[in-house]
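By convention in this document, chain letters (A, B, ...) are assigned in the order of the sequence lines, proteins followed by strands, and residues within each chain are numbered from 1.
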Amino acid sequence: MSIISIALPIPKRQLFDYLAADEIPKIGCRVRVSFGPRKLIGVVWEINQESDWDKNKLKKIEQIIDAQPIFDATQRKLCSWLAQYYKHPIGDVVQSAMPVALRKGESSEAKPTNYLTLTDSGKTFDLSNLSRAPKQYSLLEKLNKVELTKSQANQDFGISAVKALLDKELIQDVSKPHQINTSWQQQIVVQGKPQANVEQALAISSVEAKLAEFACFLLDGITGSGKTEVYLQAIEPVLKQGKQVLILVPEIGLTPQTVHRFKYRFGIDVGILHSGLTNTERLQVWQKSKNGELGIVIGTRSAIFTPMLNPGLLIVDEEHDASYKQQDGLRYHARDLAVVRAHAENTPLILGTATPALETLNNALTGKYHHLQLQQRAGKASVATKHVFDIRQQPLQFGIAQGMLDRIQQHLEQGSQVMLFINRRGYAPALMCHQCGHVEHCHRCDKPFTLHNQLYKLQCHHCGSAKPIPQQCNQCQSNELNAMGVGTEQLEIGLNKYFPNYSNIRIDSDSARGKSKLDTMLNSINNNEHQILIGTQILSKGHHFPNVTLVLILDIDGALFSADYRAAENLAQLITQLAGRAGRAEKPGEMWLQTHDPGHPLLQDLINNGYGHFAQYALLERKTANLPPYTYQALFKAQALNPKDAHTFLQNVAELFSQYSDVWCLGPIPALMEKRQGQYRMQLLLQAKQRSVLQHALGQQVNQIETLFLANKVRWSLDIDPQDFS
DNA sequence: AGCACGCCGACT
DNA sequence: GTCGGCGTGCTC
């Protein structure tokens with residue numbers, strides 16, 4: 001008897017067994033089953049002869065939804081890998097890999113298309129009778145020659161004209177089953193293709209040499225070096241072979257201009273997937289791509305799950321971008337999944353960036369990835385000059401030193417725009433002396449203490465040791481000890497008072513909620529309606545500000561002394577990206593970084609030698625400190641109303657891992673934000689020198705963790721390869 | 001997850 | 001007396 005094992009949307013690391021009703025469904029098809037008191041939609045994952053469950057208690061499948069699998073073998077392989085690697089329930093994984101419409105039971109087949117054709121009276125109709133209705137006239141004339149889809153006609157001639165002709169019974173609606181249309185393969189043209197420079201040509205031919213096999217390329221190109229052109233010319237032969245290309249872009253980078261560039265070059269339709277689409281629109285792109293009807297699909301993180309009939313190339317643009325890592329539920333990294341997918345589908349993969357993630361760079365340096373470098377600037381791009389401004393013992397007004405205020409004034413008087421940047425990401429508050437710049441360090445770990453206001457103590461995030469918050473600086477006895485960081489609001493009010501004649505605008509994820517709002521703001525900036533721009537992360541991505549000639553980063557110390565070891569890397573990426581987005585060739589910009597530690601070696605290296613040099617130095621530091629990419633990490637997070645519960649739970653988790661001598665346990669320690677929404681948050685970090693060692697231990701213990709007595713009382717999660725420690 | 005069952009406090 | 005609070009436990 002066939003046992004059907006089904007992946008159901010239930011947060012358990014298991015499949016559920018059912019019996020076939022009469023017909024045995026195919027693996028990869030959706031089915032409807034009864035599960036306890038309710039009905040669920042699941043995906044057939046395995047068909048076996050045996051079951052661990054009592055065979056007499058197995059229920060029958062109620063309905064088979066799909067005639068043909070919606071998950072092919074490769075996609076099932078990817079889902080299984082995700083469930084295995086991220087230790088996540090398989091049903092949940094399968095769910096995230098499906099468009100929402102399919103989760104709800106919508107048909108996976110493309111809907112029949114409505115065509116318009118002439119009726120008998122329409123065929124004999126005298127067109128001159130419509131001379132006073134030009135839209136209807138031209139529509140009827142067109143239908144005389146060709147068939148049109150209803151939606152196309154509505155778009156080109158207007159709904160009212162279509163409706164009028166239908167009412168007059170000159171034309172009629174005909175529904176035809178959807179026909180797979182791969183005409184893009186014949187439509188490809190190549191237009192507006194510039195001559196590649198030597199570096200670009202080298203990169204393009206390297207990719208071209210590996211088009212028929214798995215290969216991973218790091219396209220490491222400085223801002224303005226023409227990475228997109230390399231993508232375009234690498235895509236060309238793939239499309240010409242009739243194969244499809246999937247491009248991932250960061251959340252904010254999916255602008256109409258980007259899409260247009262791909263559409264225009266090849267003259268074909270491009271499938272787009274972003275958060276603004278309706279469920280139906282997403283489903284349509286999914287269907288078209290699965291049927292091979294799209295040559296190019298561009299999308300954000302979750303687009304990595306888009307099926308392709310005939311995959312030829314994967315591209316991850318701005319591969320270092322943090323938005324590729326999902327921060328809740330299935331905490332996967334789309335870039336890492338792209339590597340697995342390219343391998344499974346035997347296609348090449350291009351990872352492009354000006355500021356590679358240290359993990360990626362390491363893979364390139366060790367020869368695991370092909371390292372393609374673009375170091376020449378193309379066109380009229382410019383890069384701002386970088387400078388450090390020492391603010392020790394300087395009076396600060398709303399976080400800005402007088403010298404910097406004067407400089408802002410100068411630039412504004414020249415009619416330029418000024419950008420003030422507050423770095424909030426990776427921010428772990430440390431206590432710093434404003435007189436001498438001293439930061440209290442843990443003696444055992446030589447790492448800065450992290451300030452925990454809730455517990456009123458300083459805590460080391462490496463060993464967990466704590467001490468009360470000091471009143472005086474240990475080095476100069478000053479009592480001017482400040483938590484690092486300024487708020488945007490305070491800054492906004494201060495600037496309004498200091499520069500009453502100039503308009504300022506704040507751009508952060510709160511003020512720019514919704515895509516159109518951000519576009520409006522960016523337009524008003526480019527129209528010079530505002531002279532002072534105040535922003536966070538969001539400004540560093542994708543947008544160019546040609547009239548900005550001064551960029552000031554206010555609080556880089558938060559990142560330099562953060563307990564989050566990735567903060568320095570992120571800061572360097574940010575600085576490099578920002579420097580490439582301000583000014584232009586005729587009007588280059590300057591960038592200033594306010595700091596209490598102007599001599600910081602990483603900072604000096606970045607400013608004097610650029611990101612590539614900095615990154616190699618940072619890698620060296622990671623190696624000596626036993627940090628990723630030289631070690632592998634997994635982070636348990638727990639939150640509960642009672643801090644003791646969260647702590648005890650993680651303590652119990654730590655005990656489970658104490659038997660593995662090659663797995664380090666750090667913690668439990670309070671999370672950087674100890675208290676959020678009334679809940680206390682703790683974390684436990686696991687680390688190992690080999691990925692397999694950590695994977696093995698986790699694989700053995702996750703199920704044990706679920707049986708811990710506090711497991712249901714505490715909200716807990718497991719993050720593999722964590723990026724964010726907040 | 002979601003839904004039922006169950007055991008205790010405050011209401012017409 | 002019952003209505004409903006959410007703790008516990010189970011779903012093939």
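Contact annotation for A/K12: base contact, defined as any heavy-atom pair under 4.0 Å involving a base atom. A/F35 comes within 4.0 angstrom of a base, heavy atoms only. Across all strands shown, A/L58 has heavy atoms under 4.0 Å from sugar-phosphate atoms exclusively, and none from any base.
With respect to A/E359 and A/R335, no salt bridge is recorded, no charged nitrogen being found less than 4.0 Å from a carboxylate O.
The two atoms that bring A/R301 and A/Y324 nearest to each other are CD-O, 3.3 Å, heavy atoms only. Among all heavy-atom pairs drawn from A/Q639 and A/R681, the shortest one is CB-CG, 3.8 Å. Looking at every heavy atom in both residues, A/Q651 comes nearest to A/P668 through N-CG, 3.8 Å.
Residue A/K57 places no side-chain N or O under 4.0 Å from the OP1 or OP2 atom of C/dC12.
A straight line from CG of A/D54 to P of C/dC12 spans 12 Å, rounded to a whole angstrom. Between A/Q95 atom CD and B/dA1 atom P the separation is 13 Å, expressed in whole Å. Rounded to whole angstrom, the span from the CD1 atom of A/I61 across to the P atom of C/dT11 amounts to 19 Å. Rounded to whole Å, atom P of B/dG2 lies 13 Å from atom CG of A/L8. A/R13 places its CZ atom 11 Å from the P atom of B/dA1, with the value rounded to the nearest Å. What separates CG of A/D328 from C1' of B/dA1 is a distance of 15 Å, to the nearest Å. Look at CD1 on A/I10: it is 10 Å from C1' on B/dC3, rounded to the nearest Å.
Listed nucleotides B/dA1, B/dC3, C/dC12 differ in distance to A/P37; the shortest reach to its side chain belongs to B/dC3. In this structure, the nucleotide among B/dA1, B/dA4, C/dC12 sitting nearest to the side chain of A/R38 is B/dA1.
Without hydrogens or angle criteria, A/K325 side chain to A/D721 main chain gives a donor-acceptor distance under 3.5 Å.
For A/W53 and C/dC12, the ring-to-base geometry satisfies the stacking test (centroid distance below 5.5 Å, interplanar angle below 30°).
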